[in-house]
Amino acid sequence: MAAQKQDLLAGSVKDAAVGALVAFGLFAMLIGMKTDVSIGGLSIEYRWSAVAIAVAVVFVGRLALNLFVWKSEKPVTAMLGGLVPSQSSASRFGHLITPVLFVLAVVLPFLLMYFLGSRGSRQYLDLAILVTTYVMLGWGLNIVVGLAGLLDLGYVAFYAVGAYSYALLAQYFGFSFWLCLPLAGILAAFWGIILGFPVLRLRGDYLAIVTLAFGEIIRVVLLNWYEFTGGPNGLSGIPRPSFFGLEFERGEGGFADFFGLEFNSIHRIIFLYYLILVMALLTNFVTMRLRKLPVGRAWEALREDEIACRSLGINTTNTKLTAFALGAMFGGFAGSFFATRQGFISPESFTFIESAVILAIVVLGGLGSQVGVVIAAVVMIGGFEFFRQFEEYRMLVFGLLMVVIMVWKPRGLISTRAPSIALDRKKAKGISADLVQEGHG
Amino acid sequence: MSRWNDDPVLRIEHVTMRFGGLVAVNDLSFNVGRGDITALIGPNGAGKTTVFNCATGFYKPTEGRITMKRRTGEHYLLERMPDFKISAEAGVARTFQNIRLFGGMTLLENLMVAQHNPLMVASNYTIGGLLGLGGFRKAEAGAVDRAKYWLERTNLIDRADAPAADLPYGDQRRLEIARAMCTMPELLCLDEPAAGLNPRESAELNTLLHYIRDEHDTSVLLIEHDMSVVMEISDHVVVLDYGEKISDGTPDEVKNDPKVIAAYLGVADDEVDQVEEEVGL
């Protein structure tokens, strides 16, 4: 026993030493020498201490891995594996956390005001508005990607259509926010259908590329049509929403005056927060209801097997178009909210990276899972903004986090699918993600 | 003449299907009688599935005409209809050789998807259903009842809320038939329904097909390799070889047709008797 341990230690040290030697060979040049500008040309600066640290890290790391993971009888990683929640417990967690999240979202402004006062809570409310906007966008995209299984990389185009619809209608015709909100949704849905028609016959990767191109076309048009959209200068002075005709202004007839409150600029922020919350919840409500209607079931059936759908008499063209149009409509609603909140929009806000972030929220949360989207949006957007002070490291941590989640839960945080109808509600269980298709466009 | 020519539900007339230079089906004509179980047999690569795909709209035949005549007397020219309309309007349902179920959805959901079109109308194309208008709930309850009925007929009711991909192979085959029947077809096309079934499941399938024909007034067209199934249940057999019809008649007539024996067993004429005995024909 003791001899065995001796062997293990000796072997591990030997292996670690070899690793350290290889590391030295690599790093001696890469880290150890640095060219520097000096008088009369370049000179070489030596940094042997940095090399020593790198080699030491490799040696210690490899030794630890040898001792505790690779050669150990009870690897530490096996213990970690036990900590990973199983699929059923993750879906139960999803069920439990839903009401908690809902109540928290409703009382959030009051909690913040109570603890931080109006001055301190403003930044957090802004962040909450941003997160909720992404939750809404995630839910909208979830219809297209999660339910219908159509990979859409250009979702931000509909967000842009919504935002510009409102801004332009307000600028040219003086329409109010409440009139523009439905119009923006309808226009975005219209563009969803316009995009839908040519891509109907495409699937998978090809569909993704065309939607990506569509997103870029919209942005490039907004950028270059200077006379109409203001080009790179964007549109400013977009009117703010009113509360049933009451403006959030100081003095006579304003919101604060009407309710006998002291004027405070935080009122408008709180109003915006509740506005986006209601819009997001409406998106969720409609989606959940559509899942239980024939059109929602047809979307999911389309994701599972398109050919079988056609053999059952389902018009797959119309089914795909409704998915595109509805997803786009919610994107358009969110876009017009974005415009009214910012008061200023420019094509800068609608780059491809936005599409990627929204898609990442949907995928990380678990395709088709509504709660998963909320958690992913809070973690991604909230976390990203929260750690702003760490600047360059946050991207690194962020990338790592995404890789870890995808290794750990390849189908997203909450990956079970709840049946839309059941004979026996109690016996019906979530369907494991291994059985559910991801869709091929 | 035979009775399938008196009142055919499906008429296939001079159908030719070419894929580039390959002629998969060549000038094929036959009738599927109303209330019959018609079997389409032939060696591998004879063009059976191609005929099937033409009749259900997945392929458009290069030449020829395929006519579906419904009970109401309406005629539908299937070769010029989009595939989804063939199921929705002409009343032709099909299953697939390599089962195509909605694996991630429950059995009940699979059967609900099959009733998409009537439910869509009942939900006023989603708007009424979204607003919770009354008619939809009643239609949905009716659809659930129909799904339950077929789950009971196929002995799958106990697993109604389980995902379809979890079912064993034989059950998946039966579920696919149940799903096709939920579209309320007049002609049910089955692509190798007995493939991979054990003898007991095969016997159950025969009972089910007879039940569908007798109680639901549905004609059946099936492709099959299993001779015992074909000879036992079909009223009419059509034999294809190299895309052409080589025999057409009752099972007894076909069984004794020397052309069929030669094509199907692929042996020299003097060995036919011996091989025939081995396969139990």
Side-chain angles (χ1 to χ4, degrees), chain A residues 147 149 282 285-319 322-323 325-326 367-368 411 415-439, chain B residues 56-58 82-89 91-96 99-110 112-123 125-126 128-130 132 136 139-140 143-144 147-148 151 157 160-166 176 179-180 182-183 185 189:
Chain A
L147 293 183
L282 187 75
F285 174 77
V286 171
T287 312
M288 294 312 271
R289 230 183 135 89
L290 284 174
R291 269 200 72 204
K292 294 181 170 32
L293 289 174
V295 68
R297 272 192 215 113
W299 287 338
E300 293 202 80
L302 197 67
R303 180 191 65 203
E304 297 286 326
D305 194 325
E306 188 178 339
I307 289 177
C309 274
R310 285 192 271 146
S311 84
L312 295 172
I314 295 173
N315 185 341
T316 49
T317 308
N318 288 355
T319 310
T322 49
L326 272 163
L367 289 174
R411 296 294 293 265
S415 49
T416 48
R417 173 183 175 273
S420 65
I421 188 166
L423 285 185
D424 185 350
R425 274 273 154 228
K426 276 182 220 136
K427 250 170 54 185
K429 281 181 292 200
I431 294 167
S432 146
D434 321 331
L435 304 177
V436 180
Q437 298 293 312
E438 286 159 57
Chain B
T56 50
F58 283 83
D83 47 15
F84 71 91
K85 279 196 179 162
I86 287 178
S87 169
E89 289 169 18
V92 180
R94 74 168 292 178
T95 65
F96 296 87
I99 307 170
R100 286 184 175 275
L101 288 169
F102 306 126
M105 303 172 86
T106 66
L107 272 59
L108 181 63
E109 283 180 302
N110 267 274
M112 294 297 281
V113 172
Q115 304 179 58
H116 177 80
N117 288 315
L119 283 176
M120 207 59 184
V121 175
S123 71
Y125 298 93
T126 306
L130 203 57
F136 175 66
E140 193 181 33
V144 171
K148 261 162 118 174
L151 286 173
I157 190 78
D161 296 329
D166 259 357
E176 218 189 4
R179 190 180 66 180
C182 276
T183 63
C189 300

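Proteins come first, then strands; the chains are lettered A, B, ... in the order of their sequence lines, and each starts at number 1.
Only the side chain of A:Arg417 comes within less than 4.5 Å of a heavy atom in chain B; its backbone stays farther off. Only the side chain of B:Glu140 has a heavy atom closer than 4.5 Å to any heavy atom of chain A.
Most heavy-atom pairs under 4.5 Å with chain B, from the set A:Asp305, A:Leu290, A:Val436: that is A:Asp305. Ranked by heavy-atom pairs shorter than 4.5 Å toward chain A, the options B:Thr183, B:Leu107, B:Leu119, B:Leu108 are led by B:Leu108. The most heavy-atom pairs under 4.5 Å with chain A, out of B:Ala114, B:Ala93, B:Ala160, come from B:Ala114. Here A:Ile307 is the residue among A:Thr322, A:Ile307, A:Val295 with the most heavy-atom pairs under 4.5 Å with chain B.
Taking A:Arg310 as the reference, B:Asp83 meet the salt bridge (charged side-chain N to carboxylate O under 4.0 Å, His left out) condition, with sequence neighbours excluded. Applying the side-chain hydrogen bond (donor to acceptor under 3.5 Å, both in side chains) rule to A:Thr287 yields no partners; only residues at least two apart in sequence or on another chain are considered.
Interatomic distance, CZ of A:Arg297 versus CD of B:Gln115, reported as 9.5 Å (0.5 Å rounding).
Counting all heavy atoms, side chain and backbone alike, B:Phe102 lies closest to A:Ala308 at CE2-CB, 3.7 Å. Nearest heavy atom pair, residue B:Gly104 against residue A:Glu304, reads N-OE1, 2.9 Å.
Considering only heavy atoms from C-beta on, A:Leu423 comes within 4.5 Å of B:Val144 through its side chain. With contacts defined as side-chain heavy-atom distances shorter than 4.5 Å, the pair B:Arg179/A:Leu312 qualifies.
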